[in-house]
Amino acid sequence: MSVHIAAAKGQIAKTVLQPGDPLRAKFIADNYLDSVKLVSQTRNIFYYTGTYKGNEITIGASGMGIPSIGIYSYELYTEYGVDTIIRIGTCGAYSTDLNLFDVINVENAASESTYAKYAWGIEEELIPHQGNIFESINQTAAGLGKTVIESNIHTSDIFYRKDAAVPAIAQKHKCLAVEMEAFALFANAKYLGKSAATLLTVSDIIPTREQISSDEREKALRVMIELALESAVK
Ligand code: HPA
């Protein structure tokens with residue numbers, strides 16, 4: 001076990017799908033995996049290992065925000081020998097160029113966060129996806145006839161803010177949307193020489209306040225979940 005994950009060594013697969021929400025991890029495990037075992041539930045952050053189309057895979061949550069995914073992804077890579085993490089999350093669109101339910105494969109994550117600098121001496125405010133999994137996702141999507149938008153996104157520590165303007169860093173790097181984790185995942189993977197991608201479904205359009213309703217959420221996320229699973233076992 002590691003500090004925050006109770007699984008024994010060997011109980012986590014080499015590839016991990018990482019939603020933010022532990023109940024989404026449970027949903028994926030219940031609906032898509034065979035021979036599933038709950039391998040950690042420390043702090044109610046569930047990790048399930050099972051098989052998808054015969055391939056071993058782990059689905060486990062990151063929690064919300066840079067500190068949380070910073071901890072879980074680091075322990076997965078360093079304590080459990082994980083090679084690849086695919087974050088699967090939601091994002092808010094900064095403009096009406098995106099639509100609800102669009103799926104983004106993140107090219108680079110831009111952030112004002114000091115996480116990468118103080119953890120690993122990585123000074124850049126823009127960190128790319130790591131390894132080959134980004135390209136694998138694009139190829140898998142093309143093969144399945146699913147559309148993914150390749151884009152930079154903003155990883156922010158802030159969900160609620162007084163100013164409605166698109167933050168300067170997001171404008172500078174042409175970020176179409178905002179979420180709260182990809183930058184730390186990419187920073188950890190970069191430092192450790194591992195693979196990492198982030199798939200995001202647009203769950204809200206910030207300027208119009210349109211949102212995916214809770215009823216629609218489960219169905220909406222299936223496109224991204226299935227793409228992530230297929231890419232993971234390709
Ligand atoms: N901000 C940050 N993260 C998010 C948002 C948002 O508006 N929507 C979904 N994830």
Side-chain angles (χ1 to χ4, degrees), residues 17-28 45 59-73 85-116 125-129 137 147-188 196-225 227-228:
L17 257 54
Q18 195 158 49
D21 177 358
L23 291 179
R24 203 166 297 144
K26 179 175 181 344
F27 172 82
I28 299 167
I45 293 281
I59 321 284
S62 67
M64 285 189 285
I66 285 172
S68 191
I69 197 166
I71 289 168
Y72 288 104
S73 61
I85 296 177
I86 306 176
R87 161 166 156 69
I88 44 175
T90 56
C91 62
Y94 276 134
S95 86
T96 50
D97 292 345
L98 288 175
N99 296 304
L100 291 180
F101 310 113
D102 281 349
V103 176
I104 297 175
N105 189 9
V106 176
E107 236 170 327
N108 299 278
S111 189
E112 306 91 335
S113 166
T114 56
Y115 176 87
E125 63 183 15
L126 189 70
I127 303 183
H129 68 86
I137 290 169
T147 304
V148 287
I149 297 163
E150 294 165 47
S151 172
N152 292 352
I153 55 92
H154 179 201
T155 299
S156 180
D157 284 334
I158 300 165
F159 190 88
Y160 299 107
R161 61 173 82 228
K162 67 176 181 183
D163 192 348
V166 176
I169 192 169
Q171 295 190 37
K172 178 176 165 192
H173 296 293
K174 299 189 170 50
C175 299
L176 296 182
V178 57
E179 54 84 78
M180 307 184 82
E181 291 84 14
F183 182 80
L185 173 62
F186 292 174
N188 282 356
T198 293
L199 279 170
L200 301 170
T201 299
V202 176
S203 62
D204 45 283
I205 311 287
I206 294 170
T208 62
R209 302 197 169 167
E210 271 179 285
Q211 282 188 352
I212 296 181
S213 67
S214 40
D215 291 354
E216 291 168 320
R217 209 164 260 263
E218 184 177 303
K219 193 162 145 254
L221 297 179
R222 279 183 180 265
V223 173
M224 174 178 66
I225 291 167
L227 175 57

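Just follow the structure's listing: the first ligand is 1, and inside any ligand the first atom is 1. Here the structure is a predicted model, which means the values were calculated and not measured.
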Inter-residue atom distance Ser111.OG - Glu125.CD, 0.5 Å rounding = 9.0 Å
Proximal atoms of ligand 1 relative to Val178 (non-hydrogen, under 4.0 Å) | 1 (N), 2 (C), 3 (N), 4 (C), 5 (C), 6 (C)
Proximity of Thr90 to ligand 1 by residue part, where a heavy atom lies under 4.0 Å | both
Taking only heavy atoms of Ile206, which atoms of ligand 1 are found under 4.0 Å from at least one of them?
-> 7 (O)
Taking atom CD1 of Ile104 and atom SG of Cys175, what is their separation to the nearest 0.5 Å?
-> 10.0 Å
CZ (Arg209) with more than 12 external heavy atoms under 6.0 Å | no
Only one of Glu179, Glu181, Met180 clears side chain to side chain contact (heavy atoms under 4.5 Å, CB included) with Met64; which?
-> Glu181
Atom pair CG/OG1 of Asp157 and Thr114 - distance to nearest 0.5 Å | 8.0 Å
In the protein, what heavy atom is nearest to atom 6 (C) of ligand 1, and what distance, to one decimal place, separates them?
-> Phe159 CE1, 3.6 Å
Give the single entry among Gly92, Ala93, Gly89 that approaches atom 5 (C) of ligand 1 most closely by any heavy atom.
-> Gly92
What protein heavy atom sits nearest atom 8 (N) of ligand 1, and how far off is it?
-> Asp204 OD1, 3.0 Å
Determine, using heavy atoms of Ser203 and all atoms of ligand 1, whether some pair is separated by less than 4.0 Å.
-> yes
Please determine, by modelled atom types, if Tyr115 and Asn188 share a side-chain donor-acceptor pair under 3.5 angstrom.
-> yes
With heavy atoms only and a cut-off of under 4.0 Å, state how Cys91 meets ligand 1: side chain, backbone, both or neither.
-> backbone
